[in-house]
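When reading the values below, keep in mind they use all heavy atoms of this one structure, side chains included, and skip hydrogens, waters and symmetry mates.
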Amino acid sequence: MPQHFQFAPSARPQRSVIAALLMVVASLTIASVAEAAERMNVVVLYADDWRHDTLGCAGHPIVKTPRLDQLAKDGMRFTHTCVTTSICGVSRATLFTGQWMSRHGNPAFLEFKTPWAETYPGLLRADGYWVGHVGKWHNGKFPAEHFDFGRSYSGKHFIKDKDGSEIHVTKKNEHDAIEFLDTRPKDKPFCLTLAFFATHAEDGHPKQYLYQPESEALYQDATIPVPKTATDEHFKRLPPFVANEKNEGRNRWHWRFDTPEKYQQYMKAYYRLATEVDTVCGRVLDELKKQGVLDQTLVIFTTDNGYFHAEHGLADKWYPYEESIRVPLIVRDPRMAADRRGQTNDDFTLNVDLAPTILGATGIAAPQTMQGRDVSPLYLSKTKVDWRNEFFYEHAIIKKADFIPASTALVRKDVKYLYWPDFKYEELFDLKADPLEERNLVNDPSQKARLEELRARYAQLRDAAK
């Protein structure tokens, strides 16, 4: 043993040395806790199949989302957030990697090829964060070894809990998220991705949206407005390879929306799931506040894709139309000035931006392979930020072209160019004059110059996504 650890037999020097050692340990612990408090924690509240306007604070006339409305008052709501591919698995891969599908390589439901060390959970854990994932994964086998706290489940609304009892999937999301927050080491910063299964339908179940029994009273007396474009006429205006009964979007429309009675029944059930998610988001925020860390935590609420509520005679997502690609985004950042809180921002923000935003808030450099941008300058900068005004959308074929065909698009706020590669078919919409995308102008002679410019720019952005 080294000389300075050799003690005399008397008790007094032993006690004094032990006391000194305890003081050193205590000071190290205090320093560790202080360091953890200085580093931003991260909570990502990630819902499923929930489009941009399904929020009370977005002006929705029916759905009740009081806790997310309050989150928007405490942070900033982005009104033009879009996904670069509108489907669960791909969008989740994009969340983690900050990359377009063309780069991370997950066309649908497969493992993405980006190294885990280049994802935001991987980078945070390598930098000393306590990292958790709760709920839906949808990218191949769940990599539990990459998380300090990992629980993956989805697909059904009522599932088995740890003790074998039945529990609603959203309630299990809540229990697991709270357990993560309760059991985390208090001397480490943390990152939790809470990936809800709701509001996703339970595909194959005749009721589709199985909410908790206590939600039955919600929306009972409401009449859900039917969208203007939810007509057979609008369905027939779609490209012919979409406007047929073999198309999966039309198939699911029959499951949920092909009679007025079914439309009311299924939309009310869907909104009940949304309100249940809202409640759990509130309970997680309450727990952060109770633990005294809410004001050291970046909180992000968003979703994996938009959703057709019978618009164009369709259900679900996949295609580059507005209902499918636009999603909610609320950011509550402790660095945000008081006069920015409660505001909205209408810049084009994308799901590829979330990973670099998280890394920026935690002081970790984003790898060069990430293609998104940190959105925090949009609410931290005192001057106008130079930002994107367009983006490239892509979606791979699923099964075969008459089931879910491949689709791509160049999206701007005033115009959208769609290209369906399986059929070499084009669409052009003037979103300023036609926000519901009812009139395809691709054969309009007055649009010739505009169409040529869009085709050229589309090709540039498509190549840049790789």
Side-chain angles (χ1 to χ4, degrees), residues 29 32-33 35-37 39-48 88-89 92-93 95-97 111-112 114-156 159-165 167-198 277 279-294 296-302 304 332 354-355 358-359 361-362 364:
T29 302
S32 299
V33 172
E35 183 182 355
R39 301 198 67 187
M40 190 93 73
N41 306 306
V42 178
V43 171
V44 180
L45 304 168
Y46 197 65
D48 197 309
C88 307
R92 289 160 197 275
L95 167 71
F96 290 119
T97 65
E111 295 181 11
F112 53 85
T114 303
W116 187 254
E118 296 176 10
T119 66
Y120 79 78
L123 287 159
L124 288 173
R125 195 176 187 213
D127 205 52
Y129 274 70
W130 188 257
V131 177
H133 181 94
V134 166
K136 186 170 179 177
W137 174 247
H138 219 55
N139 273 286
K141 182 179 180 294
F142 179 63
E145 68 278 10
H146 291 317
F147 293 96
D148 299 297
F149 186 107
R151 293 179 184 169
S152 172
Y153 44 86
S154 63
K156 292 184 179 294
I159 61 177
K160 295 292 184 182
D161 204 359
K162 291 183 296 184
D163 61 2
S165 62
I167 187 172
H168 194 275
V169 65
T170 304
K171 181 62 70 173
K172 181 164 174 58
N173 291 150
E174 176 189 344
H175 290 175
D176 290 345
I178 299 301
E179 183 179 340
F180 169 87
L181 293 173
D182 280 342
T183 60
R184 64 181 177 84
K186 300 305 184 284
D187 60 345
K188 283 189 172 188
F190 62 86
C191 172
L192 171 65
T193 304
L194 171 48
F196 295 95
F197 175 58
V277 169
T279 298
V280 173
C281 290
R283 288 174 180 162
V284 171
L285 292 167
D286 289 344
E287 183 63 27
L288 292 170
K289 186 175 183 180
K290 175 185 171 185
Q291 294 189 14
V293 294
L294 179 59
Q296 291 86 45
T297 303
L298 174 70
V299 179
I300 296 172
F301 170 78
T302 191
D304 58 355
R332 186 191 191 279
L354 297 175
I358 290 166
L359 294 175
T362 55
I364 299 172

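Of all heavy-atom pairs between R92 and N139, the closest is CB-ND2, 3.6 Å. Considering every non-hydrogen atom in both A361 and L298, the closest pair reads CB-CD2, 3.8 Å. Of all non-hydrogen atoms in R184 and V293, the two that sit nearest each other are NH2-CG1, 3.7 Å. Contact between P189 and N41 at its shortest, heavy atoms only, is CA-OD1, 3.3 Å.
Contacts of H168 classified as ring pair (Phe, Tyr, Trp, His ring centres under 6.0 Å), with partners at least two apart in sequence or in another chain: H157, F158. Applying the side chain to side chain contact (heavy atoms under 4.5 Å, CB included) test to E111 and every residue at least two apart in sequence or in another chain returns K141.
The ring-ring contact (aromatic ring centres under 6.0 Å, His included) with H133 is formed by just one residue from the set F142, F149, F180; it is F142.
Heavy-atom contacts from other residues, nucleotides or ligands closer than 6.0 Å to NZ of K171 number more than 12.
Within the 4.5 Å cutoff, the side chain of L194 has no heavy atoms near those of the V43 side chain. Side chains of V131 and F190 form no contact here, defined as non-hydrogen atoms less than 4.5 Å apart.
Side-chain atoms of Y153 and N173 include a donor-acceptor pair closer than 3.5 Å.
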N/O donor-acceptor pairs under 3.5 Å from side chains in residues 118-128, not counting sequence neighbours:
| residue | atom | partner | partner atom | Å |
| --- | --- | --- | --- | --- |
| E118 | OE1 | T369 | OG1 | 3.0 |
| T119 | OG1 | W116 | O | 2.7 |
| T119 | OG1 | G122 | N | 3.1 |
| Y120 | OH | T193 | OG1 | 2.8 |
| R125 | NE | D148 | OD1 | 3.1 |
| R125 | NE | D148 | OD2 | 3.4 |
| R125 | NH1 | E145 | O | 2.9 |
| R125 | NH1 | H146 | O | 3.4 |
| R125 | NH2 | D148 | OD1 | 3.0 |
| D127 | OD2 | R39 | NH1 | 3.1 |
| D127 | OD2 | R39 | NH2 | 2.4 |

